[in-house]
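For reference, the structure I am asking about is given below.
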Amino acid sequence: MSRKTVGVKMAKEYSPVDEVAWQRKWDEAQIFECGIREDRPKFYCLEMYPYPSGKMHMGHVRNYSIGDAVARYKRMMGFDVLYPIGFDSFGMPAENAAMDEGGHPYDITERNMASITQQIKRMGFSYDWKRQLKSHDPRYYKWNQYYFTKFYEQGLAYQEYAPVNWCEQCETVLANEQVKAGRCWRCNGPVVQKEMEQWFLNINKYAQELVDGLDTIAFPENVKSLQRDWLGRSEGAEITFEVEGKDLNIEVFTTRPDTLFGVTFVTLAPEHPMAEQLVKGTEYESAWQDLYDEVSVMAEFDRIRDMKKKKGVPSGCFALHPLTGERIPIWIGNFVIASYGTGAVMAVPGHDERDFDFAKAFDIPIRRVLVMDEGGDADAPLDSAETAHGWMVNSPLEGFDGLYGEEAMKAVTNALDLKGSGKETINWKIRPWLISRQRYWGTPIPMIHCEDCGVVAVPEHDLPVELPTDVAFGQGNPLETSEAFLNVDCPDCGKAARRETDTMDTFVDSSWYFMRFTDALNDEKCFDADVANHFMNVDFYCGGIEHAQMHLIYARFYTKALRDLGLHSIDEPFSELLCQGMVNSPAPWCDSCQLTLSVAHTGSPCPHCGSELSERSAKMSKSLGNTVSPGLMIEQYGADTVRLFILFAANPTAGMDWSDLGIASNHRVMIQMASMPDKLLGWGKSPSSMDTWMLARLKQRCAEFQQAMDVFDLRRAVEISHYDLIKDINWYTRRGGENAELGVQILKSWTHLVSVSTPHLAEEWWQQIGMDGLVSGSEFVHLPKMSDEEQSALDNETVLRSVLDSARRIKDVAERHLDGPAQSATIVVSPPWKRIMAVEALDFIEQGGSVKNFVGHLSQMEIAQGERKGEIIGYWGKKMLPQVFKWDDASRALLRGSLDEVIALTNGSAFIAQELGLESVQVVLGESAEDLTERAGGSMPLAPAIVYA
RNA sequence: GCAGGGGUGGCUGAGGUGGUCAAAGGCGCCGGGCUUAAGAUCCGGUCCCGUAUGGGUUCGUGGGUUCGUAUCCCACCCCCUGCACCA
């Protein structure tokens, strides 16, 4: 047997160029087009569809490499896989580009889509391109309008005059969720408050369902917690305070009705409508006006920061305590937010920190109505607010003192209920979704304003309301510059009327596109209910964590709202969500300024403090200049290499660092992989005992691969397909395996595993091994179950390898003892009584016995009788006990099985001798007649003693 | 402050239902083999000590539980993400 590869051909050059050819073949064969196939289970794999900026970036590549691997895997496992892509093509960048460089958003968008499409296609992702959709297509946004008119009929969509978030740079309003730290989520410009009439969708109607649904879907914990945060459900009571001497009621919301008797004042938000009413014409009016002016111009974010300083003015009026009738001063305070709850709070300074601070600042009484220990001192002074649950004390009414927590709250709420001045209620932080945008490049809101009829929805047969082209970009809403668009007859009375010029938030587009994909070519309907029901839910949804916030909640809301329109019967759109991590790359970092700098500063001192810069990994971004162009990488290494690197460099959910060394080394792996078919097919025709082992190993690897893919552990899967199997094959040939027939068999299975991450290479293989068609379109053929013979081949080899490893480890030390190179070795297999003891101990413990009690059991055993009893029992405590727990499941099975260590090792002794450079290796059973070493004491089952000589 | 997620060997990164963990894999580094040579592949090594398969010290810090803990409990420190005077 020659150790050298017999391969006649040179290792095949690994050429990325061939990739395009394979992509063309996939297209021609139409293997990625999906239709309902009743004969197999469906799998809907989806990535968040991209906004068509002109270029594909590494984030896209990572996102789609993950999704494509899943789609390909499911396809090869026999699923009917729906894996579509489209473009989120409405939105501000195109409109801004139109303003900057002239031209029309439509042309800019189409141009960008064409270029990014080409780049995406070059990666060879297995999309069903036929279903491609784009949100700026009237055939798509028609349905946005249709839903809107239906929502309007139901009252889910409505118009309201309200203070809204206005982004000066974008010249449009924003939903609350779209304001991040007082700034616009998109442009990062400042956001101010403005009173305007705007369109809203009442997402609150679904708030409870949105919370409950989180328990039924596999979203990452942080995303769930984020969504819960936002929805902000809090249970409590709404309580009515009458205003003394006026026909007015103040409604407050509280989560702590149990502190009601501790109320010493009531606070209104400065913008609360009643605030002005109460102070109008009094000495307090100007103070209120000042506070109002100060607070209302501030963006919410600045204002909240400012709230740390408690500011307030008295109103001069009093409210009446709903249970005791006590007179309670009404204050107006900066710390109350008009838009949360009722915009008014009952202030309990003894048990709320903000109220405490406020009371201290304005010298308002502080009253204890809870104690924190049962039976605690009801008169103890309060140095700070005690906000935990406690036992009620000092209640002016009978029947409350001594009640705790929930019970206390219930009691107070019940009392309020009886008097008709309060009830249990649930309050939500989430507010209706403001969907109006004063921009052009979005779906026109299909409404008409008629002087006589008011607001009228555009009738269904007039949809879509298409975007006009005769508009001027520059300032304000471009739609207002189109006379043809503006002027319309009222659908009800026929008189001249005016069209609504607001367009919809682009998050509307992305809130249902996944449903459209299921039936993307339907011209009659948004989608057929049966078809949507068949393919939904999305089984695997992959995208960036940045959308955990808005998109994922709006999409869930829309799914429920459309369900209630009778369009389908799905409750949740996404069964499983995977948020891929960021793609990072090194950038200069200043340790003293704690600042990441642009790569322009590489090699120079910190521009701020002059100190030397180190390097740190940071999210790839234009501003840091640390981006890596996917196009260049594909050109240099090929799409497969890029995919392999991206999948192997980190777990999908973890952040990954781009590394030039890393991709180069993955490229070497690809080169090596490319030579595998030649190598395996070039083997001789010499079946050997190693064939059984190799086949068993292949089965094992395939099983491991499936396990990894089934939990989307793509890193592990790639490791098996591109690293572990190569090692296995190396071992096989090293042990003398060389059977080309087996080689073909290996390749047939292996090619499938390879195709999941590096499909182009897999097609090359498929062709080389002479298979028909495309591996991407063929199903994985499951291998027969592992036979006993195969299992024992694995076992024998495991024992051999572990003995070889430990023999190698001690060789150096041994040779120091021998004062020269070792010539031979004797492998002393542990005497049978040790294995008997081990198995007995394992059984004993697995049946629930305590380790400590095993000695007693042992002393009854046959092996422990006789004159060696003391020695054997001592061996248990000192050696065997710790070892018993170190055996893994496989080793335990080995111990209990029929494996004969002497035979296994004797069969491998020539190999061991060769590997260790010894003249001979002898295997003996410890304490037997053949064993002349007297070193059996150091042996352990599965770990023989090795004696060099 | 609150919520969620983290802190592992030169780097990266698995594991984390207590014993399979001195701790996978990758990268880097070192040695060997191959080669005219380089590169690649292949083999071995890579916490410390060690006159024989062993010992010591390690998985943010400090305690605790246990025959035993990277893995469980408590406290603390640090990092990331989000929310934040939300009544």
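Order of the sequence lines fixes the chain letters, A, B, ..., with proteins taken first and strands second; residue numbering starts at 1 for each chain.
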In whole Å, I'd like the distance from the CG atom of A/L714 to the C1' atom of B/G26. 16 Å

If we take the P atom in both B/A70 and B/U58, what is their distance in whole Å?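 Pairwise P distance, B/A70 against B/U58, rounds to 10 Å.
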
Can you measure A/R801 atom CZ to B/U53 atom C1' for me and round it to whole angstrom units? 19 Å

Taking the same atom, P, in B/C48 and in B/A38, what whole-Å distance lies between them?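 Pairwise P distance, B/C48 against B/A38, rounds to 29 Å.
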
Relative to the 5' end of RNA chain B, which residue comes earlier, A/S665 or A/I946, by the nucleotide with the nearest heavy atom?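 Closer to the 5' end of RNA chain B: A/S665.
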
I'd like the P distance from B/U41 over to B/C49, given in whole Å. 31 Å

Any idea which of B/U41, B/C43, B/A52 is nearest the A/R668 side chain? B/U41

Between A/R896 and A/D843, is the closest basic N to carboxylate O distance under 4.0 Å? yes

Report which part of the nucleic acid A/P220 touches: base, sugar-phosphate, or nothing (heavy-atom distance under 4.0 Å, all strands).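 If one applies the 4.0 Å heavy-atom cut-off, A/P220 turns out to touch nothing in the nucleic acid.
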
Quick check: A/W428 with A/F253 (ring centres under 6.0 Å apart)? no

For the side chain of A/V336, counting heavy atoms from C-beta on, which of B/A87, B/A3, B/G26 is nearest?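 Out of B/A87, B/A3, B/G26, the nucleotide with an atom closest to A/V336's side chain is B/A87.
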
Once you round it to whole Å, what is the distance between P of B/C43 and CD of A/Q672? 9 Å

Kindly indicate whether a cation-pi arrangement holds for A/R715 with A/F648, taking the cut-offs as under 6.0 Å to the six-membered ring centre and within 45° of the axis. yes

Gap in Å between the two P atoms, one belonging to B/A3 and one to B/G16, rounded: 26 Å

When you get a sec, tell me which of B/G45, B/A87, B/G26 is the closest nucleotide to the side chain of A/F648?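 So the nucleotide nearest the side chain must be B/G26.
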
Pick the nucleotide of RNA chain B nearest each of A/Y948 and A/N666; which residue has the one closer to the 5' end?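 On the 5' side of the pair lies A/N666.
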
Whole angstrom value for the distance that separates P of B/C42 from NZ of A/K679: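 Atom NZ in A/K679 sits about 7 Å away from atom P in B/C42.
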
Please report the distance, rounded to the nearest Å, between CH2 in A/W428 and P in B/A87. 13 Å

Say we look at B/C11 and B/C83: how far apart would their C1' atoms be, to the nearest angstrom?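 It comes out at 34 Å once rounded to the nearest Å.
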
Sugar-phosphate only, base, or nothing, as touched by A/N730 at under 4.0 Å among non-hydrogen atoms: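 Sugar-phosphate, no base atom in range.
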
Stem list, RNA chain B (Watson-Crick or G-U pairing under 3.5 Å, at least 3 consecutive pairs):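 Stems for RNA chain B, defined as runs of 3 or more consecutive pairs: B:1-7 with B:77-83, B:10-12 with B:25-27, B:28-32 with B:42-46, B:47-49 with B:54-56, B:60-64 with B:72-76.
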
Specify the separation, in whole Å, of atom CG of A/L226 and atom C1' of B/C80.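 It works out to 13 Å between those atoms.
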
Checking all strands, does A/V947 fall into the base, sugar-phosphate, or nothing category for heavy-atom contacts under 4.0 angstrom? base

Assign the ring pair A/W683 / A/Y732 to parallel, tilted or perpendicular, where the plane angle (0 to 90°) is split at 30° and 60°. tilted

Closest heavy-atom contact between A/Q922 and A/V924? NE2-CG1, 3.7 Å

May I ask you to say whether A/D724 pairs ionically with A/R697, meaning some side-chain N is under 4.0 Å from a carboxylate O?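 Looking at A/D724 and A/R697, the cut-off is not met.
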
If I compare all heavy atoms of A/I827 with all of A/I946, which pair ends up nearest, and what's the gap?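 Residues A/I827 and A/I946, closest heavy atoms: CG1-CG1, 4.4 Å.
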
Taking the side chain as every heavy atom from C-beta outward, state whether A/T826 and A/Y948 have any atom pair closer than 4.5 Å.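 No; the side chains remain at least 4.5 Å from each other.
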
Let's see if you can work this out: which of B/A3, B/C86, B/C42 has an atom nearest to the side-chain heavy atoms of A/I337?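 So the nucleotide nearest the side chain must be B/C86.
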
Which class fits the ring pair A/F362 and A/W331: parallel under 30°, tilted 30 to 60°, perpendicular over 60°? tilted

Using atom CD1 of A/I671 as one end and atom C1' of B/G39 as the other, report the distance to the nearest whole Å.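 My rounded result for the distance is 10 Å.
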
Under the rule for side chain to side chain contact (heavy atoms under 4.5 Å, CB included), what residues qualify as partners of A/S824, not counting sequence neighbours?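 Per chain and number, A/S824 pairs via side chain to side chain contact (heavy atoms under 4.5 Å, CB included) with A/S920, A/A949.
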
Taking the P atom in each of B/A24 and B/G32, what is the distance between them to the nearest angstrom?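 Nearest-Å result for B/A24 against B/G32 at atom P: 25 Å.
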
Any N/O pairs under 3.5 Å between the protein and nucleotides 12-17 of chain B? List them or say none.
unit_1	atom_1	unit_2	atom_2	d
B/A14	OP1	A/N651	ND2	2.7

Are any of A/K224's side-chain N or O atoms less than 4.0 Å away from OP1 or OP2 of B/G82? no

If I pick the P atom on B/A23 and the same atom on B/G10, what distance separates them, to the nearest angstrom?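 Straight-line distance between the two P atoms is 16 Å.
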
Suppose you measure atom C1' in B/G9 against the same atom in B/U57; what distance do you get, rounded to whole Å?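 So the two C1' atoms sit 13 Å from each other.
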
Spacing between A/R256 atom CZ and B/A87 atom P, to the nearest angstrom: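 The answer, rounded to whole Å, is 11 Å.
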
When we call it a touch if two heavy atoms are under 4.0 Å apart, what does A/T254 touch: a base, just sugar-phosphate, or nothing?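 The answer is sugar-phosphate, as A/T254 gets under 4.0 Å only of primed atoms, P, OP1 or OP2.
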
Does A/R228 pair with A/D215 as a salt bridge, N-O distance under 4.0 Å? yes

Could you check whether atom CD of A/E353 has more than 12 heavy atoms from other residues, nucleotides or ligands sitting under 6.0 Å from it?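 At most 12 heavy atoms, drawn from other residues, nucleotides or ligands, come within 6.0 Å of this atom.
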
Between B/U53, B/C42, B/C83, which nucleotide has the shortest distance from any of its atoms to the side chain of A/I726?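 Among the listed nucleotides, the one closest to the side chain of A/I726 is B/C42.
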
